[in-house]
2 protein chains.
Amino acid sequence: MTDLFTDEYFMKQALIEAQKAFDSDEIPVGCVVVCENKIIGKGYNLTEQLNDVTAHAEMQAITAAANYLGGKYLNECTMYVTLEPCVMCGGAIFWSQLGKLVFGASDDIRGFVKVGNALHPKTEIVHGVLANEASELMKTFFKKIREK
Amino acid sequence: MTDLFTDEYFMKQALIEAQKAFDSDEIPVGCVVVCENKIIGKGYNLTEQLNDVTAHAEMQAITAAANYLGGKYLNECTMYVTLEPCVMCGGAIFWSQLGKLVFGASDDIRGFVKVGNALHPKTEIVHGVLANEASELMKTFFKKIREK
C-alpha cells in the first residue's frame, strides 16, 4: 500500500497556506507542523496585516503546535515550510528542538543556511520538496507587486 | 540640566521587567522599546508559562511597539534588553530595522553576536549597560533552580 502521508503530501498543505498569504497580498510563505501524520499547527505570513515582523508562517505554526501539544518542544514533529526559514525562524526552530524540517525553495538572501545559523543537532533537514511550486508562487507574487 | 532619560534609566525599566520573569520562575530577561523617551512596548520572558519558545521578552516588546506605532518598522526606536538577544530575537530585530539596541549582559552561548548574526546595518549597538545587575539576577535565578 502506498504511503499517503509523504513529504509531498504535507508540503502541498503548506502550499495551500502560502496561497492564503498570496491572496492577502502577503509574501506567500506557508507552513504546517505535523505530529504522527496529523497537522497540529499551521500558519501563513501575516507581517503586513498584523504590522508585525515576527508574524512569519513558521512562528505562528510553532506557537500553534506547542499550544496543541501543551509543551514547548517539537522533537516529535516535522515542520513543512514552502521557503527556507529566515534567521529569526531558524532561531525559533532551534529552541523548539524540532524533529525534522522540510522546506521547499531555498532563500539565499535571508535563509538560515547561508549565514551558518545552526539548528538543534537532532533536527533532520530535507530541502527542495515542491521547490518549483513554491518558487513559482513567489515569482508570481513579486510580478504582481511590481505591476501595481 | 541633567538628562533623566539615559540608557541606564531605561535599562532599569528593562530590569523591572526581568524581575517579573524571575518572580514567575522564568529565566529573568526583560525588555522595553522606547520612542521619543516614551516606553511603547515591553515584555519579559514567558516561555514556560505560555509553553512557547517564541515568547522571549524581545519578541513581545517588538510586537507591542509595532502595535502601538501602527507600523512594523522600529527605526526610530531604541530597545533596552537585559541580556544579549538570541539568534531568533536578533533575526526579529533585523526585520524591525531597529534604530538602536542597548543590551546588558552578554550571552556567549546563544547570543546573536558570537554566531555572526548581523542586525540591520543602520542599527546602532551599545552593550554592557547595567550588565552586572542583569548577570546577578540570572545567577540568582539559576542558583534558585538548582536548589529546588
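Chain letters run A, B, ... following the sequence lines, proteins first and then strands; every chain starts at 1.
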Asn132(A)-Glu136(A) side chain donor-acceptor pair, cut-off 3.5 Å: no
Taking the side chain as everything from C-beta on, heavy atoms only, tell me whether [X] gets closer than 4.5 Å to [Y].
| X | Y | value |
| --- | --- | --- |
| Thr82(A) | Glu17(A) | no |
| Tyr68(B) | Cys35(B) | no |
| Cys31(A) | Met79(A) | yes |

Members of residues 85-111 of chain B whose heavy atoms come closer than 4.5 Å to chain A: Cys86(B), Val87(B), Met88(B), Gly91(B), Ala92(B), Phe94(B), Trp95(B), Ser96(B), Arg110(B)
Contact class of Ala118(B) relative to chain A, heavy atoms under 4.5 angstrom: backbone
Salt bridge Lys143(A)-Glu147(A), side-chain N to carboxylate O under 4.0 Å: yes
Exercise: identify the closest heavy-atom pair between Asp25(A) and Lys144(A): OD1-NZ, 3.1 Å
